[in-house]
Enquirer: 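Sending over a structure as structure tokens; questions will come in a sec.
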Amino acid sequence: GILTSGGDAPGMNAAIRAVTRTAIYNGFTVKGILRGYRGLVTNEIVDFHSSSVSNIIQLGGTILKTARCEEFKSVEGRQQAYENLKAAGIDALVVIGGDGSFNGAAKLACETDIKVACIPGTIDNDLNYTDYTLGFDTAVNTVLNAVNNIRDTMSSHDRACIVEVMGRSCGDIALFSAIGGGADAVVTPEKGLDLDALAAQLKQGEKLGKSSNIILLSEGVCSAQSLKEQLAAVTDMTLRTVTLGHVQRGGSPSLRDRLLAARFGVKAIECLIAGKKAVAVGVRNEEIVADDLQKALAYPAADRSELFRVCEILCR
Ligand code: ADP
């Protein structure tokens, strides 16, 4: 069985294709579960064939659809899901989603005889055991395109703009976009907001004759409007705001995400064939890895100090 759960991300379809084709290649029968754990509880399970995943590698979103499901957080909800899985003849499940979805999969594996393999699918890059999650690269490229366009108009008018990006409590989308987009400042949950330092940095930029100021703001800190109001209290700069929102979640996956999807999909099925009970596949130092699911969820956060330093040096 295969499902996508939580927030959608570009590359989920490419992963669905990779999982399905690898399973069929190895002689398994595949079922698609619609709308994540909700479809497990309400029994929305369909047969999947090689042709079910034709012509989807390039599509954003997820053909299996995704949803959030409160019932699955209870033992009773998971019991219902288990009964539906057994009735459909499913004994192994591939879950593509974020940390919430991984937690659900860990509980299902712990309470039942279902084997699970999790694939990290979220634009937020907030799963610590893997260097990259599926969809992150595409989302950052979408942000970069937007920043390019915003910069054109801001520099024509000598204006400054706060660009709010997604990421929940993880600042990676903001940090990577700030470096890639040549931003003048970045504000992330990891570093927090130092209003006086930010104001001083923007003022310094003005003195150096910068024609535009782009401030990359992570949604996990505050909204663009709130930062604008806070900065207005300590500077006389005129600031514009842009909240990119769901534009970051859609779009055709980048090559990097398609490659990850293909490699994650093959690894997930190979782990299940090897008899693993509960794993999370990921990538570390360009190598595909499979960690015990509980261990993966307990991984410490990546050290971003080098990237913050690079950003700090180059934005001056
Ligand atoms: P994401 O997977 O993107 O982090 P959510 O946190 O919304 O998204 O989780 C997706 C779904 O996973 C939830 O709607 C719920 O069904 C299930 N889930 C999340 N947390 C748990 C948990 N602690 N126990 C069981 N199921 C969970």
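Ligands are counted one by one from 1 in listed order, and the atoms in each one are counted from 1 as well. Count residues from 1 along the sequence. The figures here come from the full heavy-atom set of this structure, side chains too, leaving out hydrogens, waters and symmetry mates.
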Enquirer: Give the table of side-chain donor-acceptor pairs shorter than 3.5 Å for residues 264-273, with sequence neighbours excluded, one pair per line with atom names and distance.
Expert:
none

Enquirer: Look only at the side chain of Ser74 and the backbone of Gly77, and say whether a donor-acceptor pair between them is shorter than 3.5 Å.
Expert: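 Yes; at least one donor-acceptor contact below 3.5 Å.
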Enquirer: Determine whether more than 12 heavy atoms belonging to other residues, nucleotides or ligands lie under 6.0 Å from atom NZ of Lys295.
Expert: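 Atom NZ in Lys295 is not packed in, count stays at 12 or less.
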Enquirer: Would you please name every residue forming a ring pair (Phe, Tyr, Trp, His ring centres under 6.0 Å) with Phe102, sequence neighbours left out?
Expert: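 Counting only residues at least two positions away or on another chain, Phe102 forms no ring pair (Phe, Tyr, Trp, His ring centres under 6.0 Å).
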Enquirer: In chain order, what residues pass the ring pair (Phe, Tyr, Trp, His ring centres under 6.0 Å) check against Phe136, with sequence neighbours excluded?
Expert: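 Ring pair (Phe, Tyr, Trp, His ring centres under 6.0 Å) check on Phe136 returns Phe176.
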Enquirer: Once rounded to the nearest 0.5 Å, what's the spacing between atom CG of Asp184 and atom SG of Cys161?
Expert: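 Between atom CG of Asp184 and atom SG of Cys161 there are 11.0 Å.
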Enquirer: What does the contact table look like for ligand 1 (nitrogen or oxygen on each side, cut-off under 3.5 Å)?
Expert:
residue	atom	partner	partner atom	Å
ligand 1	2 (O)	Gly98	N	3.0
ligand 1	2 (O)	Gly98	O	3.4
ligand 1	2 (O)	Ser101	N	2.9
ligand 1	2 (O)	Ser101	OG	2.5
ligand 1	3 (O)	Gly7	N	3.3
ligand 1	4 (O)	Asp99	N	3.4
ligand 1	4 (O)	Asp99	OD1	3.0
ligand 1	4 (O)	Gly100	N	3.0
ligand 1	4 (O)	Arg168	NH2	3.2
ligand 1	7 (O)	Arg68	NE	2.4
ligand 1	14 (O)	Cys69	N	2.7
ligand 1	16 (O)	Cys69	O	2.6
ligand 1	18 (N)	Gly100	O	3.3
ligand 1	20 (N)	Gly100	O	3.4
ligand 1	23 (N)	Lys107	NZ	3.4
ligand 1	24 (N)	Lys107	NZ	3.1

